[in-house]
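Below: one structure, written as structure tokens.
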Amino acid sequence: MLQDKETNITYESLLQIHSEKWPSATPKVARAPGRVNLIGEHTDYNGLPVMPAAIDREISVAFSDSLSAEVNIANTKNDYGVHSFQMSDNIERSEMGDWSNYVKAACQAVWNWAAENQPKKMPLNGYNAVFSGSIPAGSGLSSSSALVVASAIALVDINKLNISKSDLAELLAKGERYVGTEGGGMDQAASLLARPLSAIKIDFVPIRTTLVKMPQNARIVIANSMVEAKKTGGAREAYNTRVTECKLGLCALKSRAKSRYPEVTDAKLLRDFKETVSNWQDYLDDLPGLPVTLDEIAEYCGSTIDWLVSQLSSPSSDVYDKTFQIKKRCRHVLTEGDRVEKAVDYLGSARSLDFGKLMDESHASCANDYEISCRELDELVGIIRNHGAYGARLTGAGFGGCAVALVDQDKAKSLVDGVWNDYHLGYLETLGYTLSESLKEQIVFECTPSGGADIIQ
Ligand code: GLA
């Protein structure tokens, strides 16, 4: 995963590589940062807010107009391979897990949008492009969405399309589903709309952002658990199951609340349910606490299995054979939404200790109710706290990846060193890993919130 020696490739050298491949072109560079989510996990696709910051690691791409609908892409990591495809209203996917699918996802979304909104620009021109990245893949820092965003802003630039960054964030959130993950909109919005030295609260449907300045004396530290959570592997299926569980939970909650709150019938998201039903906690408490089958949920709702399945946007083929944890999942999402609202207040008024407590509570809820942690992440979060963090939690989709911490600036360096020693050299060694010192700064590091994606002239 972290074998990349080119993580700090400069824009100049990227432009140089582009010019060697396509000598007659005048390329530009687009960049899109990864993100670290400070709090608000798995809330976005339920319409509840999140609070990420963009990180100072990014995907960059040197690109030039291909003068046709053709897209040719290369990567500074040679094993990523070179790909060419024609843009159309039905771009064929590469095999699952191939990096070109993220570029295709962006091109497909922008192509379809332009066909509908700016038809005079059709057919769009594609690009010749070389990509590079410094965000470790599978680490929960959103390298894939940064790739989608960088691919899209390059295409928007080439074709001089008129689309705002928030519209692009909405478009790409849906567009990324091309790769098969039912993601929410946090990653694309954070990569596009973030501001330097700030976290952003993002509300959804529609996307709205509020800047939250970081307290001057607090630092964000990110530590990789080294458990890879590939969006294309088991983590993808587990993610999609959580999305299904939330939808089924919403159906169950609505079915019981609708006699007192008839308008809740229209609720499409857990957020809508929460906003409509003031005593939502009572309905939550009433949900079955054990894993339940579709049949049992249908009985609880007084509906049919077919109706329940029709409420799911893309039900998996084994939906009939599974059991679902609807109470725990809804409890996490609904309480996490409250934590984000408080977190905005605390961080904005530099109450770092209180903010840290919310991070700890969020981790516990992610681990116990949403079941997206793992023993390594739990260990890592514990070690981070022992080294003086205000608070720490897993970040991103979970099932591995990184933990994030908030720490006083004077303790940040000793925390980084302590976590490296105790977790990466200590705990992981007991599990059979040996890590070289040269990788340390890619694995556990302080991060300064960066600005959102842009074109560098
Ligand atoms: C992934 C998804 C996001 C969000 C997080 C969990 O990063 O892409 O939309 O759901 O997981 O908070």
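First listed ligand is number 1; within each ligand, the first listed atom is number 1.
Remark: distances from the non-hydrogen atoms of Arg35 to ligand 1 include one below 4.0 Å.
For Arg339 and Ser365, the side-chain atoms include at least one donor-acceptor pair closer than 3.5 Å. Side-chain N/O atoms of Glu41 and Asn37 include a donor and acceptor closer than 3.5 Å.
Checked for salt-bridge contact, Glu341 and Lys201 meet the test: a charged N lies under 4.0 Å from a carboxylate O. Using a 4.0 Å cut-off between a side-chain N of Lys or Arg and a carboxylate O of Asp or Glu, Asp286 and Arg256 qualify as a salt bridge.
Looking at Glu336 against ligand 1, nothing comes within 4.0 Å, counting heavy atoms.
Figure legend: Lys28 and Phe63 shown without cation-pi pairing, the cationic atom not lying both under 6.0 angstrom from the six-membered ring centre and within 45 degrees of its axis.
One option in Asn37, Ile39, Asn46, Asp44 has a heavy atom closer to atom 3 (C) of ligand 1 than any other, and that option is Asp44. Nearest residue to atom 11 (O) of ligand 1 from Phe204, Tyr45, Tyr239 is Tyr239 (criterion: closest heavy atom).
For ligand 1, the polar-atom distance check finds an N/O of Glu41 within less than 3.5 Å of one of the ligand's N/O atoms. By the 3.5 Å distance cut-off applied to N or O atoms, Gly184 is counted among the residues near ligand 1.
Applying the salt bridge (charged side-chain N to carboxylate O under 4.0 Å, His left out) rule to pairs touching residues 266-277 yields Lys274-Asp338, sequence neighbours excluded.
Under a 4.0 Å criterion applied to the non-hydrogen atoms of Met186, ligand 1 contributes the atoms 4 (C), 5 (C), 12 (O).
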